[in-house]
Protein chains: 2
Amino acid sequence: MPRPSRWNEIIEAAAEAFRTNGYAATSLEDIASAVGMWKGSLYHYIDSKEDLLFAVVRGPAEEILKQVRELSETDLPPTEKIRRATRSHVQILNSNFVYASVYLQEIAGRRKLPEWSAMDREYLDLLESIVREGVDSGEFSAVTNPRVTTLALIGSLNWLTHWYRPGGSLHADEIADQFCDLFLGGLISRKTQASRSQTITPLKTTKPRAKRTA
Amino acid sequence: MPRPSRWNEIIEAAAEAFRTNGYAATSLEDIASAVGMWKGSLYHYIDSKEDLLFAVVRGPAEEILKQVRELSETDLPPTEKIRRATRSHVQILNSNFVYASVYLQEIAGRRKLPEWSAMDREYLDLLESIVREGVDSGEFSAVTNPRVTTLALIGSLNWLTHWYRPGGSLHADEIADQFCDLFLGGLISRKTQASRSQTITPLKTTKPRAKRTA
DNA sequence: AGGATAACCAAACGATCGTTTCATTTCGCA
DNA sequence: TGCGAAATGAAACGATCGTTTGGTTATCCT
């Protein structure tokens with residue numbers, strides 16, 4: 001795992017190529033020429049082509065899972081949890097757009113390595129348990145199947161890679177809020193007007209935790 | 001365009017291979033051996049590998065567009081149009097699962113051939129115009145951006161290829177109804193109770209609507 | 001029955017792929 | 001300044017890919 005900036009150039013070039021042409025259709029020469037070196041020289045940084053894919057994809061995958069883990073440990077009301085989880089998802093998609101797109105196209109699809117499948121499943125389970133909280137508390141009275149509901153939300157979010165582009169006219173926060181209004185309105189059905197944003201506490205103040213892996 | 005049944009075997013084998021391994025990672029030998037012939041013999045049926053991809057994908061893409069076109073020409077209320085469009089989408093995904101999955105993974109992603117892009121855009125525009133009808137009539141009062149709302153719905157539907165499997169415990173009709181309830185509830189927000197099915201005219205003898213919880 | 005044509009076999013081609021090898025340059029640091 | 005390691009150049013490898021070619025077998029039609 002080299003550190004210097006050249007490594008970042010390689011990963012960025014790989015991510016961009018993977019996103020536009022797909023992993024299998026991208027050759028190491030595509031990546032090498034994009035950073036101005038010979039394809040054989042890439043092997044000073046990697047052991048195989050797959051290393052590039054995993055390096056591209058690891059960051060946002062771990063980040064999005066970390067954020068929903070922390071969110072799940074709070075005792076916010078379910079509506080607010082849904083809103084924050086949606087914002088996290090959209091914001092990570094926005095700020096790591098290329099990497100996240102590669103993950104969704106190359107990992108969440110076909111590639112069934114257990115490492116990534118476990119992350120996908122944990123993320124789904126965490127979101128689903130939030131939905132179940134809302135069902136148990138009576139807030140999400142319209143939900144008949146929490147898993148289907150959760151998958152519908154995740155689908156809308158992940159489909160963003162097909163049409164959203166960072167820097168476009170639609171800002172990430174607006175999209176997240178519109179998704180929340182749409183889904184929470186559906187979840188809550190006809191009940192309180194708690195669907196609007198209420199911003200209980202700022203989003204990323206939860207960092208007193210030093211290192212969790214120790 | 002040959003006719004006999006062997007052609008169907010080839011397309012089915014190609015579709016299955018494309019779905020599980022991706023188009024670029026699938027070799028013609030994979031397909032040839034699946035149907036029991038030499039890879040060179042495939043060229044009696046095709047002119048290039050891409051022919052197989054387009055043949056796999058054309059059917060459901062045209063079918064789903066045809067159905068929403070016909071729906072758009074009716075004068076049903078917007079809620080019912082949304083419900084029927086959702087059902088069409090899910091049912092086509094269900095009965096042409098492999099072909100549709102290949103389309104969504106290989107065409108709706110990266111491949112930007114104008115023919116398919118035009119179909120994608122027309123489908124999106126037709127659905128969006130349905131949403132706009134509901135906004136104009138006052139039924140979808142919670143919608144602030146019809147395009148984002150439409151893309152959220154399409155995302156949920158297309159993401160089905162990532163978790164739904166035909167023949168599983170969840171039936172296509174149930175999923176479609178749950179999606180409709182979720183999205184229409186969100187669209188209508190707090191207003192009439194028109195969110196429930198109401199089934200104006202049977203689409204294809206709408207199943208006795210599995211009774212849900214009391 | 002026989003001839004045309006469809007269907008397929010079998011082998012090979014050139015291109016390109018991921019990877020390896022070794023030589024060469026560049027750079028950090030004592 | 002010089003030396004060792006990091007970084008890259010340059011070429012080649014075997015494998016595999018999509019495609020072509022030419023021949024062989026099967027099928028259909030009148």
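Convention: sequence-line order gives letters A, B, ...; per-chain numbering from 1. Here the structure is a predicted model, which is why all the values come from computation and not from measurement.
Phosphate contact (OP1/OP2 of D:dT16, side-chain N/O of B:S27, threshold under 4.0 Å): absent. OP1 or OP2 of D:dT8 lies within a sub-4.0 Å distance of a side-chain N or O belonging to A:R6.
The side chain of A:S48 approaches C:dT19 more closely than any other nucleotide in the set D:dT19, C:dT19, D:dT8. For A:H44, whose side chain is taken as the heavy atoms from C-beta onward, the closest listed nucleotide among C:dA12, D:dA6, C:dC8 is D:dA6. Residue A:Y45 places its side chain closer to D:dA7 than to any other of D:dT19, D:dA7, C:dC8. In this structure, of C:dT19, D:dG9, D:dG18, it is D:dG9 that holds the atom nearest to the side chain of A:S41.
Distance A:K49 NZ to C:dC17 C1': 8 Å, rounded to the nearest Å. Taking atom NZ of A:K39 as the reference point, atom C1' of C:dT16 lies 7 Å away to the nearest angstrom. Nucleotide D:dC17 holds its C1' atom 12 Å from the OH atom of B:Y23, rounded to whole Å. Rounded to a whole Å, the CD1 atom of B:I10 is 15 Å from the P atom of D:dG18. For the pair A:Y43 OH and D:dC13 C1', the interatomic distance rounds to 13 Å; values are reported in whole Å. The separation between A:L52 atom CG and C:dG18 atom P is 10 Å, rounded to whole Å. For the pair B:I46 CD1 and D:dT20 C1', the computed distance is 13 Å after rounding to whole Å. When rounded to the nearest whole Å, the span between CG of A:L42 and P of D:dA6 equals 18 Å.
Remark: the A:E128 side chain and the A:T150 side chain contain no N/O donor-acceptor pair separated by less than 3.5 Å. For the 3.5 Å distance criterion, the side chains of B:N158 and A:H162 fail to qualify, holding no donor opposite an acceptor. In the model, A:N8 has no side-chain atom that pairs as donor or acceptor with a side-chain atom of A:S5 under 3.5 Å.
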Let me see the working for A:E106 and A:R19 under salt bridge (charged side-chain N to carboxylate O under 4.0 Å, His left out), right down to the final yes or no.
CA-CA 9 Å; A:E106 302 291 338; A:R19 192 187 74 85; over 6 Å; no
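Comparing A:E29 and B:M37 by the nucleotide of DNA chain C that holds the closest heavy atom to each, the one mapping nearer the 5' end is B:M37. In terms of position on DNA chain C, the residue among A:L28 and B:W38 whose nearest nucleotide sits closer to the 5' end is B:W38.
A:Y164 and A:F97 have perpendicular rings, their planes meeting at more than 60° on a 0 to 90° scale where under 30° would count as parallel.
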